[in-house]
6 protein chains.
Amino acid sequence: MRKKVVTLGEIMLRLSPPGNTRFVQSDSFDVVYGGGEANVAVSCANYGHDAYFVTKLPEHEIGQSAVNALRKYGVMTDYIARGGDRVGIYYLETGVAMRPSKVIYDRAHSAIAEADAADFDFDRIMEGAGWFHWSGITPAISDKAAELTRLACEAAKRHGVTVSVDLNFRKKLWTKEKAQSVMKPLMKYVDVCIGNEEDAELCLGFKPDADVESGHTDAEGYKEIFRRMSEEFEFSYVISTLRESFSASHNGWKAMIYNGKEFYVSKHYDIDPIVDRVGGGDSFSGGIIHGLLTKPTQGEALEFAVAASALKHTVSGDFNLVSVAEVEALAGGDASGRVQR
Amino acid sequence: MRKKVVTLGEIMLRLSPPGNTRFVQSDSFDVVYGGGEANVAVSCANYGHDAYFVTKLPEHEIGQSAVNALRKYGVMTDYIARGGDRVGIYYLETGVAMRPSKVIYDRAHSAIAEADAADFDFDRIMEGAGWFHWSGITPAISDKAAELTRLACEAAKRHGVTVSVDLNFRKKLWTKEKAQSVMKPLMKYVDVCIGNEEDAELCLGFKPDADVESGHTDAEGYKEIFRRMSEEFEFSYVISTLRESFSASHNGWKAMIYNGKEFYVSKHYDIDPIVDRVGGGDSFSGGIIHGLLTKPTQGEALEFAVAASALKHTVSGDFNLVSVAEVEALAGGDASGRVQR
Amino acid sequence: MRKKVVTLGEIMLRLSPPGNTRFVQSDSFDVVYGGGEANVAVSCANYGHDAYFVTKLPEHEIGQSAVNALRKYGVMTDYIARGGDRVGIYYLETGVAMRPSKVIYDRAHSAIAEADAADFDFDRIMEGAGWFHWSGITPAISDKAAELTRLACEAAKRHGVTVSVDLNFRKKLWTKEKAQSVMKPLMKYVDVCIGNEEDAELCLGFKPDADVESGHTDAEGYKEIFRRMSEEFEFSYVISTLRESFSASHNGWKAMIYNGKEFYVSKHYDIDPIVDRVGGGDSFSGGIIHGLLTKPTQGEALEFAVAASALKHTVSGDFNLVSVAEVEALAGGDASGRVQR
Amino acid sequence: MRKKVVTLGEIMLRLSPPGNTRFVQSDSFDVVYGGGEANVAVSCANYGHDAYFVTKLPEHEIGQSAVNALRKYGVMTDYIARGGDRVGIYYLETGVAMRPSKVIYDRAHSAIAEADAADFDFDRIMEGAGWFHWSGITPAISDKAAELTRLACEAAKRHGVTVSVDLNFRKKLWTKEKAQSVMKPLMKYVDVCIGNEEDAELCLGFKPDADVESGHTDAEGYKEIFRRMSEEFEFSYVISTLRESFSASHNGWKAMIYNGKEFYVSKHYDIDPIVDRVGGGDSFSGGIIHGLLTKPTQGEALEFAVAASALKHTVSGDFNLVSVAEVEALAGGDASGRVQR
Amino acid sequence: MRKKVVTLGEIMLRLSPPGNTRFVQSDSFDVVYGGGEANVAVSCANYGHDAYFVTKLPEHEIGQSAVNALRKYGVMTDYIARGGDRVGIYYLETGVAMRPSKVIYDRAHSAIAEADAADFDFDRIMEGAGWFHWSGITPAISDKAAELTRLACEAAKRHGVTVSVDLNFRKKLWTKEKAQSVMKPLMKYVDVCIGNEEDAELCLGFKPDADVESGHTDAEGYKEIFRRMSEEFEFSYVISTLRESFSASHNGWKAMIYNGKEFYVSKHYDIDPIVDRVGGGDSFSGGIIHGLLTKPTQGEALEFAVAASALKHTVSGDFNLVSVAEVEALAGGDASGRVQR
Amino acid sequence: MRKKVVTLGEIMLRLSPPGNTRFVQSDSFDVVYGGGEANVAVSCANYGHDAYFVTKLPEHEIGQSAVNALRKYGVMTDYIARGGDRVGIYYLETGVAMRPSKVIYDRAHSAIAEADAADFDFDRIMEGAGWFHWSGITPAISDKAAELTRLACEAAKRHGVTVSVDLNFRKKLWTKEKAQSVMKPLMKYVDVCIGNEEDAELCLGFKPDADVESGHTDAEGYKEIFRRMSEEFEFSYVISTLRESFSASHNGWKAMIYNGKEFYVSKHYDIDPIVDRVGGGDSFSGGIIHGLLTKPTQGEALEFAVAASALKHTVSGDFNLVSVAEVEALAGGDASGRVQR
């Protein structure tokens, strides 16, 4: 059941003060590389797929270090274009208790933001692929990147590849109006749509009828909006995660899926303490791709995805470094944390 | 609303084994500098005031490092006398769960403990100041330091400066009897008195009539003792924090204020996990100074102070490295710890 | 009440990625040395006893480092034989929240696994001793080590030394059948038997009659099985700990003791967060040895042991680096974690 | 002799793998802040001057950290404008033996590169100043920054401030042609010109007549070119350092000065091993400013500067953290490195 | 000129105390993975070849980490068999000045030492390959590994692959007699023989006629022995490095090559200080493979190899993380270590 | 030839910024424990003797950590008195190239400085001892410590113990006049006198007749002064080391011995680079004690001592962590630093 999975996006250098120290206290930064679609690729590689991450990175050693980070965890880097000036950066200060994590972006002018169609041969990239995933961040990076996203989607469709999107609205990258003008036309290529109710509203203009407040609503309240999204864009699946933020160290976590007929709500996880919340959504996307590719029911696929993303919160860095066996043990009910000797 | 705020006291070298390791395990110590009144000065600088810390430090590089730590966070060091032999030291082992933090003091014979009136020109120091803060630690260091405290208070009064004290009884520095003989005569200079019921008893001889047990009593039980303190010493404000110690990693936290007429009790915070509890009281004093200088009501001032000190528990080191915006976000009700992107 | 306490077993090099990082992420390993009986020896040294650890270690610097780790904490290393090729290793990845800790053993062919009777003079070792402790790991290492265990027990009995065992079944070292064939004949030397209901079943064949499920049963359910074990092997004491695993970061912890007449259940501790769970059982054994050697009742002995092992969960490394005073403060009821200044 | 010294330029975040590790090996970066003119300001602050660094930095915490780094070492940050998006970055890999250090710049679009005249009040900045220093990097950053340089020079002249420049040609920032078109018109404001023969050629078009090869020529060969530069631009002093690069770990170092009349060549230092070569030239500029402000002869000024910069090679980071006393001890002849107890 | 290069051998976990600390001082070990033939594979991957490393590694995370280390630097791991119990270990203490580095091996019973022919399909492995390299360590690990070496050589010859060996005698793994009995019969498969005069004597029985003392002899003294080796085993090339050990921090380094007709001696490098000497020989082998595959003359090939290995001494870890451009810059004469901006 | 060796003095907490960073740069300090006579004890323990270090240390964990540091390396701590307030501290900044190391002492009021005769039973301590060593630092600490030194010497003589002194004049602890008034009367107990010509002059008033300049004179120039010292105080041996300080990273090192009849000068060592120069003299004393106890001639004893101390310069920390075998390998002529596999 090993599949070729392709993702397209940006991988950034992430710089964070160690532990819970604040930006102004630190004289060293922990270095990892990550970004929405790269994180999904690593998850898929961990689950045994041939995961290809598509981006553009400078020739210099910082660019090479991003390539190496992907290779280390088994992601195929054959389709990464090299050139451009910058690796995008984000600074992350990890919060704790009532102090939130902070992100400072410094990603403008990165190599992928300035990449051209000429940098990629999407037909070669999509040939033989079983899945193509992108997120709302990719077209938000730049107009050029939005065009690349469109080209990749078209190629995917030409080659019969399943396409998933994580809507992932980022207010620092674009406005609601711009997002909708770009995202809505891309939905026709999408089979599997992932995103919470905020994303749905901001990217696709789907406003919940009733009183859906983030993190507090009854999951069933999402059913109607899923049905409408499913209808309008002919999605095979509409999926959303539901995070309860008690504090920076303690969250609740579950998810929902709708296949046009049935609506399924996952188990709920209580995550305490949280080691690293960044990449939680991406680890969910990685899990749902593996789940839908390999599990007999949407419910089992979703339980795999939500357990995978619960585990991600215990792993430092953007990447979700867990195995199928570990995810299945948790999905199967063992959250006791007993020592594995 | 930027004010000149002056604090007087000792800044020590703090040596702590990294993370939760024990003293006997460590082959390196984390180095920060801190001390009650220095910590208050840093808070005030962070909130945009011209905060001056007054002390004496040796000429050598360890003394200079203490100066640099203050300058780094914007504290004015113009009035720091240089000379003497030692920078006082305290060793801190950070506790966790049911294992308490441990402090070993090695502060005798420090430069400030042996400083003279000749080292400081208190009239110059107090000129133009809006606030002068000291704590019960300063006069406890040595008789010379007690004399310096008196001189500073007199100068403050000559210049019409508001004076606050954090009673802060330290049993390793003096006895209850000695404390009262020194502290009581100093109260006539004080406008704002901060201290819990233990401090009030040990420093000022105020024994609660009824059954006030630390951390468990109804806050209202403090009202009567506040009224009596207020009456006897003509304080403008009597203020106390109330800590519930569930474990070294989990505390409850709130505070009370009384302005001679009205008694106000703050919101309660549940802090879990605690990163660094040292300086929690000082961050409260820094917050109340800013609050009383800038907020329209004592209630708003107190809410600022208690939110500031709740946040301090998430910041490593003695200094409370938070901004007005961060404190107000928490005081305003957002303790969700959601990532700030 | 300082006694000569002897323990026999293996001390291993423990390699762990720092903090909560995963094995595959790490480019350094924290180094400590530990192992069931070595850990017990360190506890006894900390409580003021003349604790001797008996093992065999290579002449090279890694072997010497293990010796030094013991000496550092006051364990007597006079009876450690030197020679052989390897120091056994275990790799430990520390879990958090729902992600469990993982152990990878690489201990085959260690010096102690290949040691001979000729390496030790057990009569000299047991002379003047007040206590001899071993665990089910020692005879499981190799047939040679099982023979050493038998010889040590015989010498202990010749010298009138009290013998305790921690049953400690390890499924990676031997089968249930092999364990019983080795362990049962050794029970005739044992005065104090420590082990949970799983150990009792796997090592000694004691199956609970009724429905005793690990960590969830009423402690009283253990009484009957304790009575039967006590009868069959003429143990002076039968003792068990009871761990509730809510997550890798949060456990419940208590223990029970039976002296042939009375059954006593300790206080229950809620441990959150856990710093290092490895060595928790060993710290209990160390505590019960000190308790039975020095306390007037089995109840007081047990409370000391369970408080000691609760504290162990807050100490990194295998060794329980706590003092009698710290254990007694917790056993006496102060779990507030207030700063000790 | 404490003077107000002003410098104008960029301060960058410097990210370097620890020790001698390579970029691709590192999972943390050491963080310091530095840049040509900021480094000069720190030197001047260390020597007791009121050193003001003028730049623009974003409001966010990375910008604040740069401000804090300056404040920590006593640089006045009153004239730093806040705003813009980016703190410029440079990545530094520290070489050793025959492996050279590598620098990757990521400084385009920084706040200072996009700053306006409206961000600074140069008349206020230059008022009361005794010295203004800039380097060829500042106008090379952007056309806007070149315009700022010109405005600052004009204001300096209006206020009778001595102006020094370190020519500092950087081929990654501009071409020889562009450099000359910008730099030559700025020379009319300059009193003290610092730069090696390569800088002189690339920035000012001064080609040595004869065979001057970097690092190997007799220092006297520079005399003629100094005389010509002095004549054409009416410099009060022309100064150059002379580095011999035996390897990344071992350099020779000396300097020359010409005051229009006399030519003086300093002592030669053999630096082995080198800890951090970055900022070596800036530490020389800082030293020559202090030297010319306080020493009776150009020779003594130069010896101070060259000793200061020799010491810089032993200090990690961009900043030269040495005192007047340390520099004078070395300039006075003690290079024995005996322990100072 | 990208070629498929195959190497066969063991990759070990290397544990070293940080910096120059001694084994007994350290409470953490730096972790890298390395081993003769793995190191060669990394060099070849760095130079742009499709480098495949063939070995066997356990399924567990330590085995996986070794795989990841190879993948990170671009080595193909498709032919690595998974299974067995142990990753071989070596402990390395890095010497300095007159204190030598120390290695403690703990590699017995590793997965590759116990691997079978059934673990590898050598025909598939050698198909399309341009080069196969192994060292004298591989057959010395175990009799099984010696058999694997023979099978690999035969397959290489069947597929017309050039075969190189680095004789690399290791006295802790086998005796001179055993070495010769295994190595001599394998020489018939070898085209390129690398090894110093000690290796030649111990592995192949070639005793220099005259007075060749390691590190001090005139390189020309090697000519005759090269000629004899070349004749007896029909090697295309005989190659040797020549190290002068002045101290652990300072070595001289050069090499010689003989193609059956001409003898060429490389430039001499003076390496001071040395960062990491381990893998120096392997980096030479990697360099000579690239050199012979791509350079027009044996002299140019040798200069590439000796420059590559000189650079290796400045890179920490077993792997030589340098690029073709860096090697050629040094081979081309630039050893000045000037900063590359 | 294992002997009981006793040393008396102070062990301090040493705090140093990591690597070559400066005091003002550091936010952590490396922690080791050391002091002249403690360092000698560790050397003797390493060479297989029963080395007892006598001092007084506080009961708290910092005092305990000093005890543990000694135990770790095999020093017997049975005679260490516990009590008092402080562990003496010294701050060490490690120099490099022309930047010297700096020491800041903070040792006044330490437990040993305030210890009484009642703290020690010198007859028990000296019983069975073969050697007693102290240095000029011990009586310089305080008058009480000088009295302890006298009592220890008397007890040593009562028990027929050989007594050695390292004169070790420290100008921060006392004046030349005070030193002579204390030291001269103590010389009657001394058999072996170690100290350079500066020590001899400052402690004992021996001024060289001729022109003996530190580090540059011909060793033979010392002969006459040794003869005179030997005569006046009836020393069995007079011994001196001779250091040439080329830089903080590069020293020359040799020594001389005179037994009343013959004068012997050791080999000369060139030490480059130096890792840690502190404790170099103590490692020499430790070496000469072992040498005179076990070697047939004074020459062999001296060669052991000078090789031991040369090696010390490559070991970080105060303690010389080397074995007899390592010292003898270097004394025997192998300074090549070749890897020991």
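Reminder, nothing fancy here: chain letters follow the sequence lines and each chain counts from 1.
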Step-by-step side-chain contact (heavy atoms from CB on, under 4.5 Å) determination, A/Val339 to C/Val103
CA-CA 7 Å; A/Val339 181; C/Val103 170; 3.8 Å; yes
Measuring from [X]:[atom1] to [Y]:[atom2], what's the distance to the nearest 0.5 Å?
{"X": "A/Gln340", "Y": "C/Glu93", "atom1": "CD", "atom2": "CD", "result": "10.5 Å"}
{"X": "C/Thr21", "Y": "A/Asp30", "atom1": "OG1", "atom2": "CG", "result": "10.0 Å"}
{"X": "A/Arg338", "Y": "C/Arg243", "atom1": "CZ", "atom2": "CZ", "result": "7.5 Å"}
{"X": "A/Asp334", "Y": "C/Ser245", "atom1": "CG", "atom2": "OG", "result": "9.0 Å"}

Given a strict heavy-atom distance threshold of 4.5 Å, which part of [X] is in contact with chain C: side chain, backbone, both, or neither?
{"X": "A/Ala310", "answer": "both"}
{"X": "A/Leu330", "answer": "side chain"}
{"X": "A/Asp276", "answer": "neither"}
{"X": "A/Tyr73", "answer": "side chain"}

Can you tell which part of [X] gets under 4.5 Å to a heavy atom of chain A, answering side chain, backbone, both or neither?
{"X": "C/Arg99", "answer": "both"}
{"X": "C/Ser249", "answer": "side chain"}
{"X": "C/Lys102", "answer": "both"}
{"X": "C/Tyr105", "answer": "side chain"}

Kindly check if the number of other-residue, nucleotide or ligand heavy atoms within 6.0 Å of NZ (A/Lys4) is above 12?
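Yes - once you tally the heavy atoms of other residues, nucleotides and ligands closer than 6.0 Å, there are more than 12.
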Quick one: are A/Val322 and C/Arg22 in side-chain contact, heavy atoms under 4.5 Å?
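In contact.
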Quick check: do C/Val96 and A/Pro273 have side-chain heavy atoms less than 4.5 Å from each other?
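With C-beta onward as the side chain, the pair touches.
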Leading residue by heavy atom contact count with chain A [cutoff under 4.5 Å; candidates C/Val278, C/Leu92, C/Val24, C/Asn20]:
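Heavy-atom pair counts peak at C/Val24.
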Taking every non-hydrogen pair under 4.5 Å, which of C/Gly95, C/Gly19, C/Ser101, C/Ala97 racks up the most with chain A?
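The residue among C/Gly95, C/Gly19, C/Ser101, C/Ala97 with the greatest pair count is C/Ser101.
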Given 3.5 Å as the limit, does a donor-acceptor pair link the side chain of C/Gln25 with the main chain of A/Val315, or not?
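Pair absent, no side-chain N/O of C/Gln25 close to backbone of A/Val315.
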Ignoring hydrogens, what is the shortest heavy-atom contact between A/Thr314 and C/Met98? Give both atom names and the distance.
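Result for this residue pair: CG2-SD, 4.3 Å.
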